[in-house]
A.B. asks: 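Questions regarding the structure given below will be posed in turn.
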Protein chains: 2
Amino acid sequence: MNKKTDLRILRTKQSIRKAFYELVQEKGYEAITVQDIADRAMINRNTFYLHYQNKPDLLDTCMNELLSDLKDAIVLCPISMNPFSISLLETVMQTVLEHISLNMTFYRSMLIEENRIYQFQAKMEKIINDKLVEGWQPAQENSPLAVSKELLIEYLGSAFMGIVIWWVKNDKPLPVDEVSSQFSRIVAYGHLRAAGIAVEEEN
Amino acid sequence: MNKKTDLRILRTKQSIRKAFYELVQEKGYEAITVQDIADRAMINRNTFYLHYQNKPDLLDTCMNELLSDLKDAIVLCPISMNPFSISLLETVMQTVLEHISLNMTFYRSMLIEENRIYQFQAKMEKIINDKLVEGWQPAQENSPLAVSKELLIEYLGSAFMGIVIWWVKNDKPLPVDEVSSQFSRIVAYGHLRAAGIAVEEEN
DNA sequence: TAAATAAACAACGTGATGTTCATTATTTGT
DNA sequence: ACAAATAATGAACATCACGTTGTTTATTTA
């Protein structure tokens, strides 16, 4: 029974987080001062420094907290072994978009506009990339079209995040399954066939 | 002969730019103070405010100056009409990578690490996307795999930038032509064939 | 060479940061 | 229920960078 944290600490921390989330959405991270947070949380400015080193520290804590939810959701996605990642990509995309839907206002303030926090995007992309690496399957080496694994992972991760951000920015212009399916089809079969343009085969 | 700008202005502006570029590479944009710039440029801090509103204003001016070079280079790339953008993508990628090679240290400090300036990336991506839209060709509408144009443009732009940044970050792990060719092949034919994995055809 | 103007110099008010310290209030464990 | 522990408050302080306002000096232009 030794390790029970003081109730005051829990209360204070919680109200700081809540105030911070609200303020980020209202005026954007950069414009926030520690005093703003203290006012909103109805605590003394000093008390803030009792719990967080500074504003970036608080931001980091909050981002990690929320992204760990996303990570947990993604980790559960099954890895399809052959062909690599077509259904994996589709499943992960669905999972991500659904998770975002549940926390839309927050994701918006993190990913969109000039107030956006690019660190968040970077952290998110890392989560995606890790999952892609996990689901990687070596190619036949003697294929004439073989490409570098690193290049391909980077390609997939960036394209993935691009679509996600586009989807958030445009307020869900397409349903989740539609985006997931279109995305995985472009990735798999190439944009020529995906876009309905005839492909002449190479020899 | 009325509109000749004072030599002092030209001198001062030039030394401010030079100092700024150096400092950005040395300690990163955020860590720089106006006083730093003034010291390095050997001018009074006041003089800085005679030419730029503030630090972000200077940053913006510098970014636009350097990206306009890139833009000019890209604009010259021919648009291949059919099939859409395969060779366009390859050509643009080559152009971009070559341009970056010529200004590597600067691009590094803009695109890589924690000191990176994400605004720059966004501006760059916009240039790419504009070119892609310009080279766009409508698909056959009744194709079973048809995807949204907006989604596809976003897809291409993000993937493009992802590869570029990956290439800069890893210090040119592959030659320019190799990257360009691999990238355009993934985009065109899909990552399955590009990675050398067998593709079973859809019905 | 005189008028125009850019740059330097000095000073000021502002606002946010992070820290210190004494005091008050609350919680915990016995 | 109470004493000890500790969290939160409030006030103060030094620091730093910002952006602005004058006045004076130096340079450039015509």
A.B. asks: Check whether any side-chain N or O of A:W167 sits under 3.5 Å from a backbone N or O of A:L97 as a donor-acceptor pair, and report yes or no.
C.D. replies: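 Answer holds: no.
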A.B. asks: Go through the structure and list residues passing side chain to side chain donor-acceptor pair (under 3.5 Å) with B:T12, not counting sequence neighbours.
C.D. replies: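 For B:T12 there are no side chain to side chain donor-acceptor pair (under 3.5 Å) partners, ignoring immediate neighbours.
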A.B. asks: A:I127: which residues meet the side-chain contact (heavy atoms from CB on, under 4.5 Å) condition with it, sequence neighbours left out?
C.D. replies: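 For A:I127, the residues satisfying side-chain contact (heavy atoms from CB on, under 4.5 Å) (neighbours in sequence not counted) are A:L67, A:K71, A:I74.
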A.B. asks: Indicate the ring-plane relationship of B:F183 and A:Y155, choosing parallel, tilted or perpendicular according to the 30° and 60° boundaries.
C.D. replies: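 B:F183 and A:Y155: perpendicular rings.
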A.B. asks: Quick one: which residue pairs count as a salt bridge (Lys or Arg N to Asp or Glu O under 4.0 Å) with a foot in residues 150-174 of chain A, not counting sequence neighbours?
C.D. replies: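 Checked against salt bridge (Lys or Arg N to Asp or Glu O under 4.0 Å) - neighbours excluded - the pairs reaching residues 150-174 of chain A are A:R108-A:D171.
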A.B. asks: A:Y189 and B:Y189: aromatic ring centres closer than 6.0 Å?
C.D. replies: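 Not close enough - the centres of the two rings lie 6.0 Å or further apart.
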A.B. asks: Phosphate oxygens OP1/OP2 of D:dA8: is one of them under 4.0 Å from a side-chain N or O of A:H51?
C.D. replies: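 A:H51 to D:dA8 OP1/OP2: side-chain N or O found under 4.0 Å.
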A.B. asks: State whether A:D60 and A:K123 are salt-bridged, where the test is any N-O pair (Lys NZ or Arg NE/NH1/NH2 against Asp/Glu carboxylate O) under 4.0 Å.
C.D. replies: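 Salt bridge present between A:D60 and A:K123.
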A.B. asks: Round to the nearest Å and state the distance from B:L7 atom CG to C:dT5 atom P.
C.D. replies: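 Interatomic distance, CG of B:L7 to P of C:dT5: 15 Å.
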A.B. asks: Rounded off to whole Å, could you give me the CG-to-P distance for the A:D6 and D:dA8 pair?
C.D. replies: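 Rounded to the whole Å, the gap is 7 Å.
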A.B. asks: With B:D57, which residues qualify under side-chain contact (heavy atoms from CB on, under 4.5 Å), at least two apart?
C.D. replies: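 Result, side-chain contact (heavy atoms from CB on, under 4.5 Å) vs B:D57: B:Y52, B:Q53, B:N54, B:T61.
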A.B. asks: Scan residues 5-30 of chain B for pairs that pass ring pair (Phe, Tyr, Trp, His ring centres under 6.0 Å), counting only residues two or more places apart or in two chains.
C.D. replies: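 Output for this query lists B:Y21-B:F106.
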A.B. asks: Which of residues 21-29 of chain A sit near DNA chain C, with a heavy atom under 4.0 Å from it?
C.D. replies: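 Per residue number, the list is empty: none.
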A.B. asks: With B:R45, which residues qualify under side-chain contact (heavy atoms from CB on, under 4.5 Å), at least two apart?
C.D. replies: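 Listed in chain order: B:V34, B:Q35, B:A38, B:Y49.
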A.B. asks: Between C:dA6, D:dG10, C:dA8, which one does the side chain of A:N44 approach most closely?
C.D. replies: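 Within the option list, the nearest is D:dG10.
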A.B. asks: Please round to 10 degrees the angle between the axis of the first five pairs and the axis of the last five pairs in the helix from C:dT1-D:dA30 to C:dT30-D:dA1.
C.D. replies: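 Its terminal axes enclose an angle near 40°.
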A.B. asks: Can you pull out every salt bridge (Lys or Arg N to Asp or Glu O under 4.0 Å) where at least one residue sits in residues 18-35 of chain B? Sequence neighbours excluded, please.
C.D. replies: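 Applying salt bridge (Lys or Arg N to Asp or Glu O under 4.0 Å) to every pair that reaches into residues 18-35 of chain B, excluding sequence neighbours, yields B:K18-B:E22, B:E22-B:R40, B:E26-B:R40, B:K27-B:D36.
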A.B. asks: Check this for me: does any side-chain nitrogen of one of A:E65 and A:R17 sit under 4.0 Å from a carboxylate oxygen of the other?
C.D. replies: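 Salt bridge between A:E65 and A:R17, a charged N being under 4.0 Å from a carboxylate O: yes.
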A.B. asks: Name every residue in residues 8-16 of chain B that has at least one heavy atom under 4.0 Å from any atom of DNA chain C, in order of residue number, or write none if there are no such residues.
C.D. replies: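 Contacts with DNA chain C under 4.0 Å: B:R8, B:I9, B:T12.
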A.B. asks: Applying side chain to side chain donor-acceptor pair (under 3.5 Å), can you list everything that pairs with B:K126, at least two apart in sequence or on another chain?
C.D. replies: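 In terms of side chain to side chain donor-acceptor pair (under 3.5 Å), with neighbours along the sequence ignored, B:K126 is linked to B:D130.
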A.B. asks: At under 4.0 Å between heavy atoms, which parts of nucleotides 12-19 of chain D does protein reach? Answer with one letter per nucleotide, 5' to 3': B base, S sugar-phosphate only, - none.
C.D. replies: -----SBB
